[in-house]
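For ligands, and for the atoms within them, numbers begin at 1 and follow the listed sequence.
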Amino acid sequence: MTAAPTTVPDFAALTQNLMRRIDALCLLTEVPGTIQRTFLSGVAAELHRELSAWASDLGLRAWVDTAGNWHAELPATEPATADPQAPTFIIGSHLDTVPDGGKYDGLLGVVLGLVLAGELKKAGAALPYRLEVLGFTEEEGVRFGVPFIGSLSALGQAEELLELTDPQGVSVRRAMQDFGLEDSRLPEAVLAGPHLGFLEFHIEQGPVLEAAGQSVGVVEALVGHHRLKLTFTGRANHAGTTPMPLRQDALTAAAEWMLAAERLAQDTPGLVATVGRIQAFPGASNVIPGRAELTLDLRHADDALRAAKLAELEDALQRIGARRGVQVQAEVLTVIPAVPLSSDLRTALRAAARSGLSAPELVSGAGHDAMIMARAMPAAMLFLRTPGGLSHHPDEAVADSDVQAALQVAWTFLLQLGRPNPGGQA
Ligand SMILES: [Zn+2]
């Protein structure tokens with residue numbers, strides 16, 4: 001069966017409608033005057049109802065699953081020739097926010113998916129796959145201190161999180177019951193395959209696309225990280241009576257090493273190193289610090305390179321400690337591997353962008369639902385330029401023209417998906 005040519009939507013009008021809808025949806029908040037939608041709150045339920053009503057107006061079936069994730073679907077319109085069950089392609093992101101958050105982090109990705117599904121339906125586009133729009137109920141980790149509860153539930157990997165408690169002592173299990181969900185039915189939230197893949201639109205939350213003058217970018221990988229605790233132990237002594245050559249100052253040793261870490265990251269493309277917390281002991285203005293403790297957060301999209309650079313930093317640590325008579329200790333707290341995204345989907349997205357736009361590849365320094373979904377299916381992300389790189393903030397913004405660019409790229413991508421076109425999915 002050959003696909004009839006599909007009418008091209010009015011992307012500018014679609015964008016205006018989408019932006020107005022987001023403005024209206026963001027009035028649903030737990031704290032008036034700010035944007036706050038917490039996992040399993042009453043506001044989350046209101047948002048689900050609003051999205052479902054919108055989906056229904058677009059002629060799409062919508063539902064909330066047993067984990068509290070919101071879904072809408074556009075059935076496949078072309079009968080699959082070989083496989084009786086058409087595969088599913090998912091467009092999704094998260095619906096929760098941080099306290100005093102922005103309008104676009106998460107919600108934009110869900111709303112873009114919904115607008116595209118509605119427009120494909122309206123245009124009568126022939127699709128050899130079922131398109132599902134997914135709004136994950138939890139990603140930010142605000143309420144229970146653990147992120148990705150929505151996407152982990154979709155993969156059947158959230159069972160062990162049910163006993164986590166929020167600061168009020170309410171468990172995830174109890175919060176689900178209060179929301180009207182049966183916790184015993186959580187396994188029913190697992191997505192049934194086969195899956196063609198997962199696509200997440202998300203604001204970049206960083207300055208790379210803005211600096212490059214680009215509307216959208218294709219995410220190559222989500223960076224991995226090492227987190228370490230470093231302890232420098234010297235000798236506390238009187239700040240007035242101890243001459244400089246006779247000191248074993250733990251804090252100045254730490255400072256020298258911090259600058260070495262900064263230099264190494266500046267000299268290594270893609271490497272970022274951050275000392276976000278530092279403490280000096282005993283912490284008095286007239287005492288030479290006898291001990292200093294600090295954290296290191298080291299990120300890069302290449303795990304082997306990151307490990308090699310960490311080894312260089314550990315060598316520097318030993319050298320600085322030995323020269324200054326300060327004992328040094330580095331303890332690795334967490335290692336999160338990088339998540340490369342699907343090269344087939346990346347190629348298809350870049351091909352879809354080729355008509356008039358360029359979509360450079362970039363890495364994501366933050367975690368996203370796509371990295372959880374990548375465990376189970378080919379996953380991709382399209383980033384939208386973020387003015388000032390600002391997010392998790394009320395002034396978080398996105399330009400209409402960049403939303404329009406994302407819609408255009410996605411439209412071409414979705415029409416080619418599942419077909420043996422050059423640049424498309426085989
Ligand atoms: Zn987000």
Is the ring centre of [X] less than 6.0 Å from the ring centre of [Y]?
X	Y	value
Phe89	Phe413	yes
His71	His48	no
Phe383	His368	yes

* Asked: Can you tell me the N, O or S atom of Asp105 that's nearest the Zn ion (ligand 1)?
  ->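 Looking at Asp105, the N, O or S atom with the least distance to the Zn ion (ligand 1) is OD1.
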* Backbone or side-chain N/O/S of His202 under 2.8 Å of the Zn ion (ligand 1) ->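 Given the 2.8 Å cut-off, His202 counts as a ligand of the Zn ion (ligand 1).
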* **Metal check, the Zn ion (ligand 1) vs Asp369 N/O/S, cut-off below 2.8 Å** =>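 Checking Asp369: none of its N, O or S atoms is under 2.8 Å.
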* Is a salt bridge present between Glu132 and Arg130, judged by a nitrogen-to-oxygen distance below 4.0 Å? ->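 Counted as a salt bridge, because a side-chain N and a carboxylate O are separated by less than 4.0 Å.
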